[in-house]
Amino acid sequence: MDSQTRAKNPETPATPVDWSRVDTVLFDMDGTLLDLHFDNRFWGELIPQEYMRCQPDDPECARRRLEDEMQRVRGRLEWYCVDHWTHFTGLDVLALKRELAHHVAIKPHAVEVLDRIAASGRERVLVTNAHPEVYAFKHRLTGIGDHLDRIVSAHDLFCAKEDATFWERLQAVAPHDPARTLLVDDNLHALASAHRAGIAQLRGMRYPDERGAPMTSDDRVLLEDLSDLLDGLT
């Protein structure tokens with residue numbers, strides 16, 4: 001679905017953020033500030049295709065082996081680790097990412113929202129499971145880091161955001177008051193982990209992939225797009 005023509009659903013408006021209670025905004029990267037379409041294409045198409053191509057004797061067995069490994073490490077730091085997948089597949093993962101560089105894109109309204117938050121005097125912190133080299137690759141293409149105050153990779157903290165330990169260790173590198181913090185993230189498991197850690201306000205993303213199907217959640221408020229955050233932001 002084209003994000004430029006997609007209409008917001010008037011029957012399920014996102015609950016406005018209580019900006020009077022926010023000093024720090026934590027943003028995820030892929031699926032939140034950047035379109036998840038790149039990652040879906042990369043992991044759903046290119047990596048399986050290349051891994052099977054390199055094992056022509058039994059490509060179907062290779063496909064199952066890759067799927068099993070993805071299932072085994074999903075939600076763990078290995079899932080997001082370039083080194084892990086390079087070792088497992090024997091592929092140059094970063095080089096393959098460059099082949100799809102034209103699909104790396106900032107989500108609609110992301111820069112406007114980040115700049116408005118800065119103008120309001122609040123801190124903007126990127127908290128991403130992405131490997132530092134992947135962040136650097138995407139920053140070079142989008143300049144997204146220029147609109148953030150701090151960049152924190154889960155790899156620097158040695159645990160993924162799905163792990164409660166992440167939020168404890170985050171305080172050491174990006175001090176914040178959880179009661180006055182907003183997290184925006186498309187990962188429902190990371191949002192649940194942050195909720196248990198005391199992060200007061202949480203928002204998910206209805207469309208992490210701008211061309212993909214909408215997400216649903218019974219537990220989290222989902223933004224139709226990032227412009228929902230502008231409501232009440234002064």
Side-chain angles (χ1 to χ4, degrees), residues 3-10 12-38 104-130 132 134-154 156-157 161 166-167 170-187 190-191 194-195 197-210 220-234:
S3 64
Q4 302 303 315
T5 59
R6 183 175 66 228
K8 291 187 180 183
N9 185 346
T12 57
T15 304
V17 171
D18 183 354
W19 286 105
S20 69
R21 297 177 179 271
V22 175
D23 296 327
T24 303
V25 188
L26 308 176
F27 281 101
D28 173 52
M29 184 170 70
D30 300 315
T32 301
L33 295 178
L34 302 184
D35 191 352
L36 197 63
H37 184 69
F38 167 86
V104 177
I106 297 177
K107 287 182 73 67
H109 310 290
V111 171
E112 177 188 5
V113 167
L114 290 170
D115 290 352
R116 286 277 296 276
I117 289 171
S120 75
R122 297 171 173 89
E123 187 175 31
R124 309 154 301 172
V125 182
L126 186 74
V127 288
T128 177
N129 279 330
V134 174
Y135 161 75
F137 160 68
K138 293 183 176 179
H139 170 65
R140 285 194 296 271
L141 294 169
T142 65
I144 193 65
D146 296 338
H147 303 275
L148 294 154
D149 300 303
R150 295 176 188 261
I151 312 297
V152 180
S153 167
D156 298 327
L157 304 184
K161 289 185 292 182
F166 174 90
W167 306 102
L170 181 64
Q171 286 286 3
V173 295
H176 61 282
D177 179 356
R180 297 190 59 82
T181 297
L182 164 67
L183 169 65
V184 187
D185 200 312
D186 69 299
N187 184 330
L191 288 166
H195 174 73
I199 302 297
Q201 298 196 61
L202 306 165
R203 293 295 183 273
M205 300 294 293
R206 180 80 66 192
Y207 295 94
D209 183 333
E210 289 292 320
R220 306 294 164 212
V221 176
L222 302 182
L223 305 175
E224 295 295 313
D225 64 49
L226 289 170
S227 67
D228 287 341
L229 294 175
L230 296 174
D231 190 4
L233 177 60
T234 58

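All residue numbers in this chain count up from 1 along the given sequence. All heavy atoms count here, side chains included; hydrogens, waters and symmetry mates do not.
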Please confirm whether the backbone N or O of [Y] pairs with a side-chain atom of [X], one donor and one acceptor, at under 3.5 Å?
X      : Y      : answer
Arg140 : Tyr135 : no
Thr32  : Asp186 : yes
Thr142 : Ala105 : no
Lys107 : Tyr207 : yes
Asp149 : Val125 : no
Arg203 : Thr15  : yes
Gln201 : Asp18  : yes
Arg122 : Trp19  : yes
Arg116 : Leu233 : yes

Considering all heavy atoms of both residues, which atom of [X] and which atom of [Y] are nearest to each other, and what is their separation?
X      : Y      : answer
Leu183 : Ala190 : CD2-O, 4.4 Å
Thr234 : Ser120 : O-CB, 3.0 Å
Ala197 : Pro178 : O-CB, 4.4 Å
Arg180 : Ser20  : NH2-O, 3.0 Å
Thr181 : Asp177 : OG1-O, 2.7 Å
Gly145 : Ile151 : CA-CD1, 4.4 Å

Rounded to the nearest 0.5 Å, what separates atom [atom1] in [X] from atom [atom2] in [Y]?
X      : Y      : atom1 : atom2 : answer
Leu33  : Leu226 : CG    : CG    : 6.5 Å
Asp35  : Ile106 : CG    : CD1   : 11.0 Å
Glu224 : Arg206 : CD    : CZ    : 4.5 Å
Asp185 : Met205 : CG    : CE    : 9.5 Å
Leu202 : Leu182 : CG    : CG    : 7.5 Å
Asp30  : Phe38  : CG    : CZ    : 8.0 Å

- Message: Salt bridge or not between Asp28 and Lys161? Use side-chain N to carboxylate O under 4.0 Å.
- Response: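 A salt bridge is present here (some side-chain N lies under 4.0 Å from a carboxylate O).
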Just wondering, do [Y] and [X] contact through their side chains at under 4.5 Å, heavy atoms?
X      : Y      : result
Leu229 : Phe27  : yes
Val113 : Leu230 : yes
Val152 : Leu26  : no
Glu210 : Pro108 : yes

- Decide whether Asp115 and His147 meet the rule of one side-chain donor and one side-chain acceptor closer than 3.5 Å. yes
- Would you please test His139 and Asp146 for side-chain contact (heavy atoms from CB on, under 4.5 Å) and show each step? CA-CA 8 Å; His139 170 65; Asp146 296 338; 3.4 Å; yes
- Query: When you look at Asp156 and Val173, which way does the side-chain contact (heavy atoms from CB on, under 4.5 Å) test go after all the steps?
  - Reply: CA-CA 10 Å; Asp156 298 327; Val173 295; over 6 Å; no
